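Encoded as structure tokens, the structure appears first; notes follow it.
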Amino acid sequence: MLGDRGIRGRIVAGIALVIVVVDAVHSFLWAGGDRTWIVLCGLSVLALVGLILARDRRWPKRHTTALFGTFLILGTASVLLPPSAYADAGWWLAAVSRLIPATVIGLCFLNVHPEEPAIRYGVPACALLLGGAVLANNLALTFGEDLIWMPGHRISSWTVKYHTVWLVFLAWGAVALTWRRSARSSVLAATIAAVTGAAVLFGSYDSPKFALGVSGAVFALAHLGGSGWRRVMAVGVAAYVLLAPFLWPLRVVPRLDLPPNWLERIIAYDVSSAVIRSNWWLGLGFGSSRHLVVPAVPGHGGHLPGGHPHNLPLMFWLEFGVFGAVLLVVSLFVLYRFIAGHTDGRRGAPACWAVLSAGIVIFSFSFDTWETQLVLLYTMVASLIVVVGRSDGGGSAAPNGAGGIVTRGLGIVATIGVLASLGQSGLVAEPSSSGGPPVVPLDNGPAELRVEAPIGSLEIAGTFENLVPTLDGLSVFE
């Protein structure tokens with residue numbers, strides 16, 4: 001018979017499965033808007049119940065807590081001591097109000113045992129059902145029809161993108177729980193991968209396709225064993241985060257004909273990188289990326305969706321400067337050490353590395369804001385890694401020595417960031433580039449921000465030959 005601890009463990013695992021199922025249904029039908037806020041709060045209440053019921057509760061390690069604390073300190077400092085007129089205190093409060101219930105969900109999943117039947121069998125079943133639904137919807141959209149079982153209902157394009165992205169993550173999590181456990185489990189894992197692949201390929205968005213391709217390659221590479229490839233991956237990702245705005249702009253080959261959605265991102269990266277290079281020290285403050293606008297892209301509705309640079313590292317650079325970039329690198333290092341420490345030599349390891357690599361791709365091309373639906377996505381991806389990373393046996397996280405170094409390092413980053421904000425806060429009243437890192441000057445008040453440095457890296461021909469070839473003096477903030 002199950003003891004009290006066993007019964008409570010199963011209840012907590014059942015609550016976690018309910019959260020996964022509700023999130024899957026929400027992601028498929030209604031991602032975005034007020035419904036997402038209601039879903040987030042409702043799931044956090046369920047998670048709180050699970051956290052209360054958990055026995056021998058697990059709590060985040062010190063370095064993980066230090067990461068979150070550093071983010072809160074930098075965010076608060078950037079709006080109380082804003083480095084520019086574009087820091088948005090209201091957006092910071094909105095983000096924190098979403099992160100609090102999201103944190104409760106993450107804590108609940110930290111106390112879920114991955115070998116509980118609700119997780120081991122429920123998550124793969126949910127992934128398979130969501131994959132089938134996404135495939136059916138994408139096929140219906142391909143042939144211009146509404147869903148057969150929901151006549152007259154057409155799912156929004158944003159929701160289609162959202163649930164396709166979440167499917168990629170959930171599918172790899174399910175594969176981590178099933179791969180090579182038995183012949184039947186491997187067949188189930190292969191079926192989930194096949195359905196997910198078909199669903200993504202029939203979709204109209206490129207970032208989930210690219211993420212699935214890259215993560216599939218990492219999944220295959222991880223079967224070769226060894227840790228050399230992981231070190232190369234870690235160094236490469238860290239270099240990408242730290243150097244991206246300085247290695248950009250990319251010179252596009254003349255007469256290269258690009259799809260509008262590819263071109264829009266190239267221009268967004270171009271504009272964002274130019275602003276970052278002029279504000280690399282403190283950035284422009286939390287929420288400043290919401291004011292980002294870029295030139296029109298013909299053939300894509302006449303405008304580029306603004307409000308973010310479509311790249312998470314660039315967003316951290318824009319809003320926190322070099323401190324944000326360092327914080328993001330340390331966060332990835334903690335995730336890297338968690339997966340390596342818990343999965344090394346275990347059957348689910350390749351799929352766990354696939355989840356991480358899919359996240360790096362997705363958050364480099366699409367999702368990089370603090371909207372409610374994206375905070376929920378960040379939370380569910382992190383929770384998925386925490387659960388499936390501990391499947392198939394025990395394992396330990398980063399050694400205490402590394403955790404202590406991370407914690408002390410983050411304390412130094414937070415302290416320097418606050419002191420730097422204190423030293424630069426006077427720039428809001430009188431923007432000036434003298435006596436410190438360069439700051440983009442404000443023209444005509446906060447309504448318009450112009451970039452002084454040339455950012456005309458694009459050489460466009462073909463269908464985009466009418467696009468202004470240089471972006472010098474372009475208004476990139478509104």
Side-chain angles (χ1 to χ4, degrees), residues 13-50 94-95 97-109 112 118-119 122-138 140-141 146-147 149-150 152-174 192 195-196 199-200 203 205 207-208 211 355 358-359 362-363 366-388:
I15 289 174
L17 178 61
V18 170
I19 291 174
V20 171
V21 171
V22 171
D23 182 60
V25 173
H26 156 262
S27 73
F28 183 70
L29 294 175
W30 308 296
D34 295 335
R35 291 191 184 96
T36 304
W37 170 248
I38 296 171
V39 169
L40 177 63
C41 291
L43 294 182
S44 69
V45 171
L46 271 177
L48 182 60
V49 173
S97 72
R98 295 158 185 160
L99 287 169
I100 291 173
T103 301
V104 176
I105 295 174
L107 291 174
C108 176
F109 276 86
V112 173
I119 299 299
V123 170
C126 183
L128 193 58
L129 290 173
L130 179 61
V134 172
L135 176 59
N137 182 64
N138 286 344
L141 291 175
D146 295 326
L147 291 176
W149 63 88
M150 296 179 66
H153 181 78
R154 181 67 63 86
I155 296 175
S156 72
S157 59
W158 160 252
T159 302
V160 171
K161 181 177 183 178
Y162 185 93
H163 65 221
T164 305
V165 165
W166 172 231
L167 173 62
V168 173
F169 291 120
L170 186 61
W172 281 124
I192 293 171
V195 171
T196 299
V200 171
Y205 291 97
S207 53
V355 174
I362 289 294
F363 301 132
S366 293
F367 298 149
D368 62 342
T369 75
W370 300 104
E371 298 285 353
T372 307
Q373 61 269 26
L374 297 188
V375 171
L376 180 58
L377 179 65
Y378 303 150
T379 303
M380 294 305 295
V381 172
S383 300
L384 190 67
I385 291 176
V386 165
V387 172
V388 302

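Computed from a prediction, not measured in an experiment: that's the story for all the values here.
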Find the distance between [atom1] ([X]) and [atom2] ([Y]) and round it off to the nearest 0.5 Å.
X: I192; Y: L129; atom1: CD1; atom2: CG; value: 9.5 Å
X: S44; Y: L107; atom1: OG; atom2: CG; value: 11.5 Å
X: L376; Y: I105; atom1: CG; atom2: CD1; value: 6.0 Å
X: L130; Y: L167; atom1: CG; atom2: CG; value: 5.0 Å
X: I362; Y: F169; atom1: CD1; atom2: CZ; value: 5.5 Å
X: F363; Y: L374; atom1: CZ; atom2: CG; value: 8.0 Å

query: Just one of V381, V200, L377 clears the side chain to side chain contact (heavy atoms under 4.5 Å, CB included) bar with V165, so which one?
result: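 Exactly one pass, corresponding to L377.
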| Which one of D23, V20, V25 satisfies the side chain to side chain contact (heavy atoms under 4.5 Å, CB included) criterion with C126? |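 Single pass found, and it is V20.
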Close side-chain approach of [X] and [Y], heavy atoms under 4.5 Å:
X: V49; Y: I15; result: yes
X: T164; Y: N138; result: yes
X: L40; Y: Q373; result: no

Which heavy atom of [X] sits nearest to which heavy atom of [Y], and what is that distance?
X: A358; Y: A211; value: O-CB, 4.0 Å
X: P124; Y: A174; value: CA-CB, 3.6 Å
X: K161; Y: S207; value: CE-OG, 4.0 Å
X: L17; Y: A118; value: CD2-O, 3.4 Å
X: G173; Y: V388; value: O-CG1, 3.5 Å

Run the side-chain contact (heavy atoms from CB on, under 4.5 Å) test against [X] and tell me which residues pass, sequence neighbours left out.
X: V375; value: R98, L99, A102, W370, T379
X: A16; value: F109, V112, I119
X: V45; value: none
X: L48; value: I52, V104

Would a line drawn from the ring center of F28 to the ring center of Y162 be shorter than 6.0 Å?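 Ring centroids of F28 and Y162 are no less than 6.0 Å from each other.
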Backbone N/O of M380 and side chain of S383: donor-acceptor pair under 3.5 Å =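 Not at all, since once roles are kept as given, no pair shorter than 3.5 Å links the two residues.
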Practice task
Go through the steps for H163 and N137 under the test side chain to side chain contact (heavy atoms under 4.5 Å, CB included), then give the verdict.
Solution key: CA-CA 11 Å; H163 65 221; N137 182 64; 3.9 Å; yes
